[in-house]
S.K.: 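Take a look at this one; I'll ask things after.
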Amino acid sequence: MALRTIRNVAFGVLIGMPAALAGASASAADETKPREAVIMVSGEGESALAPDMAVLNLAVVKQAKTAREALDENNKAMAGVLAALKKGGIADKDLQTSGFSVQPQYNYPQNNDGQPKPPELIGYQVSNGLTVRVRDLGELGGIIDQAVTLGVNQGGDIQFTNDKPEAAIEAARKDAVAAAIKKAKTLTEAAGVKLGRVIEISENSARPLPQPVYRAAMMKEASDAAVPVQGGENTYNVTVNVTFALEQ
């Protein structure tokens, strides 16, 4: 019985050896095979689009002796702002609370010798932030003016953007690929080789951050006339990386 077991093991080893040798031969063949010659290039495309939407950040900040008083004053002012915006055609989906805080306010007195005294609680500050998406840019200046009149006293960052920028990104993408192909042809012609098939394409795409064009720490001094604003253009950039084979 022991002899038969040994023979079976030996037979299995002999069978396995040809397969292992075959694998080693294939690996050796791959190592000796010339690596395919390639060229890697990048191309950039750019497309500009006039904005069709603005994102407006506003805030109501109120101070009072007690937190309750400050909150009541803030609630009253913000309720008026929201009601006016909705009446002016801003949809509920385009209004979003973006920050709310209740903060104690302290005074930091000093002794005659310049040493600080314990801080004194002098009141509370309540801040309620609101993000507004304005889809009719012609109404933007009037919305800012009305919001300030109704109690908005802090804010800034009007950001112009596009609701659907896909067409601009698509145009930039096509330009980027065309630029990559042109660059590859220039390089191969200069090197005296022929451009082959595309092996790989990858894309780096970044939508532009909407550019802030208006900022004010305090907006109480806004003019009675609608605030003048200009939307300009948004630029969309796309970069593609393309790997080509070189024909031998």
Side-chain angles (χ1 to χ4, degrees), residues 46-64 67 69-103 105 123-172 205-238:
E46 181 179 292
S47 181
L49 185 64
D52 56 17
M53 183 171 66
V55 180
L56 178 61
N57 294 310
L58 305 172
V60 174
V61 180
K62 295 293 183 180
Q63 295 180 348
E69 291 173 334
L71 180 61
D72 289 344
E73 291 182 20
N74 195 296
N75 288 347
K76 182 179 179 180
M78 182 55 76
V81 171
L82 288 171
L85 290 174
K86 292 178 182 180
K87 185 177 180 180
I90 304 297
D92 287 343
K93 67 178 182 178
D94 292 329
L95 297 169
Q96 185 177 47
T97 297
S98 55
F100 180 87
S101 67
V102 179
Q103 299 289 338
Q105 302 296 296
Y124 290 85
Q125 176 179 284
V126 175
S127 176
N128 193 352
L130 181 67
T131 298
V132 184
R133 286 190 291 271
V134 181
R135 299 180 186 274
D136 184 354
L137 295 183
E139 301 293 329
L140 182 57
I143 288 174
I144 295 172
D145 179 69
Q146 186 180 36
V148 172
T149 301
L150 293 172
V152 167
N153 55 1
Q154 193 174 92
D157 287 355
I158 299 176
Q159 300 173 328
F160 290 103
T161 185
N162 296 98
D163 187 31
K164 296 180 179 180
E166 288 77 11
I169 295 175
E170 185 71 12
S205 175
R207 296 186 179 187
L209 293 176
Q211 298 299 314
V213 299
Y214 177 90
R215 173 183 286 274
M218 297 296 289
M219 298 169 61
K220 291 181 179 179
E221 303 302 322
S223 169
D224 290 338
V227 177
V229 292
Q230 291 291 320
E233 284 187 332
N234 289 329
T235 301
Y236 293 84
N237 296 289
V238 174

S.K.: For D72, what residues pass the salt bridge (Lys or Arg N to Asp or Glu O under 4.0 Å) criterion, not counting sequence neighbours?
M.R.: R68

S.K.: Testing the basics here: between A84 and L150, what is the closest heavy-atom pair and its distance to 0.1 Å?
M.R.: CB-CD1, 3.2 Å

S.K.: How about V152 and L130: do any of their side-chain heavy atoms sit closer than 4.5 Å?
M.R.: no

S.K.: Within the 4.5 Å heavy-atom criterion, are L95 and V132 side-chain neighbours or not?
M.R.: yes

S.K.: If you round to the nearest 0.5 Å, how far is CE of M53 from CG of L137?
M.R.: 9.0 Å

S.K.: Any salt bridge (Lys or Arg N to Asp or Glu O under 4.0 Å) pairs touching residues 125-135, not counting sequence neighbours?
M.R.: D94-R133, D94-R135, R135-D163

S.K.: How close do V126 and A70 get, heavy atom to heavy atom, and via which atoms?
M.R.: CG2-CB, 3.6 Å

S.K.: Which residues pass the side chain to side chain donor-acceptor pair (under 3.5 Å) test with T131, not counting sequence neighbours?
M.R.: N57, S98

S.K.: Do L71 and Y124 make a side-chain contact, defined as non-hydrogen atoms from C-beta onward lying under 4.5 Å apart?
M.R.: no

S.K.: Identify the heavy atoms of N162 and A50 that sit nearest to each other, and give their distance.
M.R.: ND2-O, 2.8 Å

S.K.: Does atom CD of E46 have more than 12 heavy-atom neighbours from other groups under 6.0 Å away?
M.R.: yes

S.K.: Measure from the side-chain N and O atoms of N234 to the backbone N and O of P51, and report whether any donor-acceptor pair falls under 3.5 Å.
M.R.: no

S.K.: Might you point out which heavy atoms bring L56 and I144 nearest each other, and give the distance in Å?
M.R.: CD2-CG1, 3.9 Å

S.K.: Please find the pair of heavy atoms, one from L140 and one from A54, that lie closest to each other, and give the distance.
M.R.: CD2-CB, 3.9 Å

S.K.: For a quick test of reading the model, state the closest non-hydrogen atom pair linking Y236 to A172 and the distance between them.
M.R.: O-CB, 3.8 Å

S.K.: With sequence neighbours left out, write down each residue that passes side chain to side chain donor-acceptor pair (under 3.5 Å) with E69, or none if nothing qualifies.
M.R.: T66

S.K.: Can you list the residues that meet the side chain to side chain donor-acceptor pair (under 3.5 Å) rule with E233, with sequence neighbours excluded?
M.R.: none

S.K.: Excluding sequence neighbours, so at least two apart, what forms side chain to side chain donor-acceptor pair (under 3.5 Å) with Q63?
M.R.: Q125

S.K.: Roughly how far, to the nearest 0.5 Å, is the CG atom of L82 from the OG1 atom of T97?
M.R.: 7.0 Å

